[in-house]
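Written out below as structure tokens is the structure these notes cover.
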Amino acid sequence: MQDLNGKTAVVTGAASGMGRAFADRFARAGMNVVLSDIEAPRLDEAVADVAAHGTGVVGQVTDVADADSVDELGARALDEFGAVHVVCNNAGVAGSVRGGPLSVADWKWVLDVNLWGVIHGHRVFLPMLLEQGEGHIVNTASMAGHLPGHSAYTASKWAVVGITQGLYHQMQAERTGVGVSCLCPGFVATEIHNSDRNRPEAAAPSALSAPTPEDEMRRAFMAEMVTSGRPPAEVADMVHDAVTDGRFWIFTDLALVAALAEKHDSIMENRNPAPPSFLDS
Ligand SMILES: NC(=O)c1ccc[n+]([C@@H]2O[C@H](COP(=O)([O-])OP(=O)(O)OC[C@H]3O[C@@H](n4cnc5c(N)ncnc54)[C@H](O)[C@@H]3O)[C@@H](O)[C@H]2O)c1
């Protein structure tokens, strides 16, 4: 989609971090924006900031894990602006970074938000884009969607990479006019390391997963990597350009991408995988 001016974007997880930056970037490109998030007070703040660019901007409290809530988001967007053109399925949570077994509730929370959130986004918005023969879907996956990890987060992001690429091939083969991008960030300076703030009561950590000292070290390492990551506004520029240029992959950290080569080499040579080299650093 080359001309975004006057069109409409919907962004989930828009009260914080990357989603907020995407909303801001699309408003600066002249788009109306529907910001959605589960955190109401921060969503109000983000809406007020983004509205300063002078385009149509509204907020809709949404739980992307909940089918009805995403249905309501779609209806609100159509009601406000009559059409939707760019959809960023971006809301996400980190879940536990613990080494021990995760509870069923932990797995369910992360998969419900990170994977079902994207599935609901496709289910609700894709028919709108197909009907108008124009639009673009950007799914926020992660480098964790390419690299090994024994966590619900990794499982959710591998799944998002898979269905996003599948959707891209389908849209191309059927010449629908709908573009698709898969955003695979490395570390970006957001609040993702504090995503337990949105942990539902049903997913309260189980006694089984009481954090060990190693878990605490892992948590501190992740927080350090995230807070020293790329500014979200830089990623928002990359996302904007991928939409206007029709580019599928959006990688924010080429050093981590190099680790993918190791994975593919081990598959081609049929050898057991070595740990990704970035884990040595
Ligand atoms: N920051 C990183 O280093 C990094 C790296 C790779 C991928 N990602 C992915 O980027 C996306 C955006 O996260 P971020 O880094 O900006 O973190 P963030 O915590 O700053 O923003 C995530 C937003 O999602 C919202 N959210 C959480 N659960 C929700 C739900 N059920 N329904 C609707 N909204 C919900 C949060 O309230 C928050 O505003 C996520 O999918 C995350 O997995 C982040």
Side-chain angles (χ1 to χ4, degrees), residues 10-25 34-47 49-50 59-70 72-73 88-95 97 108-121 124 138-147 149 151-161 164 181-203 221-236 238-239 250-253 256-257:
V10 174
V11 182
T12 69
S16 174
M18 279 186 262
R20 188 168 172 156
F22 301 165
D24 191 79
R25 184 66 187 84
V34 182
L35 290 89
S36 70
D37 203 283
I38 201 165
E39 276 191 60
R42 293 180 71 165
L43 179 61
D44 291 344
E45 278 171 35
V47 167
D49 277 0
V50 175
Q60 172 80 12
V61 175
T62 306
D63 178 356
V64 296
D66 181 291
D68 293 343
S69 187
V70 184
E72 283 162 24
L73 173 63
C88 296
N89 292 308
N90 167 77
V93 292
V97 288
K108 201 167 154 15
W109 173 44
V110 174
L111 290 171
D112 279 355
V113 177
N114 294 5
L115 174 56
W116 275 98
V118 172
I119 294 169
H120 290 313
V124 169
V138 181
N139 290 337
T140 304
S142 171
M143 283 311 293
H146 296 276
L147 296 169
S151 71
Y153 187 77
T154 298
S156 69
K157 296 301 187 180
W158 276 60
V160 170
V161 170
T164 307
S181 297
C182 186
L183 170 60
C184 302
F187 292 104
V188 183
T190 70
E191 293 293 322
I192 193 74
H193 55 299
N194 292 323
S195 54
D196 270 10
R197 68 193 187 277
N198 289 310
R199 182 183 279 275
E201 239 168 68
F221 172 74
M222 290 304 289
E224 165 64 25
M225 295 304 282
V226 168
T227 49
S228 58
R230 282 188 87 143
E234 289 182 9
V235 182
M238 298 172 87
V239 167
I250 311 169
F251 289 107
T252 69
D253 188 334
L256 290 180
V257 174

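Remember, it's 1-based here, ligands and their atoms both numbered in the order they're listed.
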Identify, for [atom], the protein heavy atom at the shortest distance, and state residue, atom and that distance.
{"atom": "atom 36 (C) of ligand 1", "value": "N198 ND2, 3.4 Å"}
{"atom": "atom 19 (O) of ligand 1", "value": "R197 NH2, 3.1 Å"}
{"atom": "atom 26 (N) of ligand 1", "value": "I38 CG2, 4.0 Å"}
{"atom": "atom 24 (O) of ligand 1", "value": "G13 CA, 3.5 Å"}
{"atom": "atom 43 (O) of ligand 1", "value": "Y153 OH, 2.7 Å"}
{"atom": "atom 3 (O) of ligand 1", "value": "V188 N, 2.9 Å"}
{"atom": "atom 22 (C) of ligand 1", "value": "G92 O, 3.9 Å"}
{"atom": "atom 9 (C) of ligand 1", "value": "T140 CG2, 3.6 Å"}

- Note on the structure: Ranking S142, G186, A15, P200 by closest non-hydrogen atom to atom 5 (C) of ligand 1, top hit is G186
- Task: Counting heavy atoms only, name the option from M18, E191, H193 that's nearest to atom 44 (C) of ligand 1.
- Result: M18
- Quick one: does S195's side chain have a donor or acceptor within less than 3.5 Å of a partner on A94's backbone? yes
- Is the side chain of R197 donor-acceptor paired with the backbone N or O of E191 at a distance under 3.5 Å, no angle test? yes
Side chain, backbone, both or neither: which part of [X] has a heavy atom under 4.0 Å from ligand 1?
{"X": "V93", "result": "side chain"}
{"X": "K157", "result": "side chain"}
{"X": "A141", "result": "backbone"}
{"X": "V113", "result": "side chain"}

Within-4.5 Å side-chain heavy-atom neighbours: [X] and [Y]:
{"X": "V188", "Y": "D253", "value": "no"}
{"X": "W109", "Y": "D196", "value": "yes"}
{"X": "V11", "Y": "R20", "value": "no"}
{"X": "F187", "Y": "M222", "value": "yes"}
{"X": "V138", "Y": "N90", "value": "no"}
{"X": "L183", "Y": "M18", "value": "yes"}
{"X": "D24", "Y": "D49", "value": "no"}

- Message: Using 0.5 Å steps for rounding, measure from the NZ atom of K157 to the SG atom of C184.
- Response: 9.5 Å
- Out of curiosity, R25 CZ to C88 SG, how far, rounded to the nearest 0.5 Å? 12.0 Å
Closer than 4.0 angstrom: is that true for some heavy atom of [X] and an atom of ligand 1?
{"X": "S36", "value": "no"}
{"X": "M225", "value": "no"}
{"X": "T12", "value": "no"}

Per-atom contacts, ligand 1 versus [X] - under 4.0 Å to a heavy atom:
{"X": "D63", "result": "30 (C), 31 (N), 32 (N)"}
{"X": "N90", "result": "11 (C), 12 (C), 40 (C), 41 (O)"}
{"X": "F187", "result": "3 (O)"}
{"X": "E39", "result": "37 (O)"}
{"X": "T62", "result": "32 (N), 33 (C)"}
{"X": "G17", "result": "16 (O), 20 (O)"}

- Message: Checking side-chain hydrogen bond (donor to acceptor under 3.5 Å, both in side chains) between N89 and each of N139, T12, N114, which is the one that passes?
- Response: N139
- Message: I'd like to know whether E39 forms a side-chain contact (heavy atoms from CB on, under 4.5 Å) with N198, so could you lay out the CA-CA distance, the side-chain angles of the two residues, the decisive distance to 0.1 Å, and finally the verdict.
- Response: CA-CA 8 Å; E39 276 191 60; N198 289 310; 3.2 Å; yes
- Task: Looking only at distances, please establish whether an N/O atom of ligand 1 is found under 3.5 Å from an N/O atom of V64.
- Result: yes
- Item | Option passing side-chain contact (heavy atoms from CB on, under 4.5 Å) with T62 (candidates L43, L73, D37) | L73
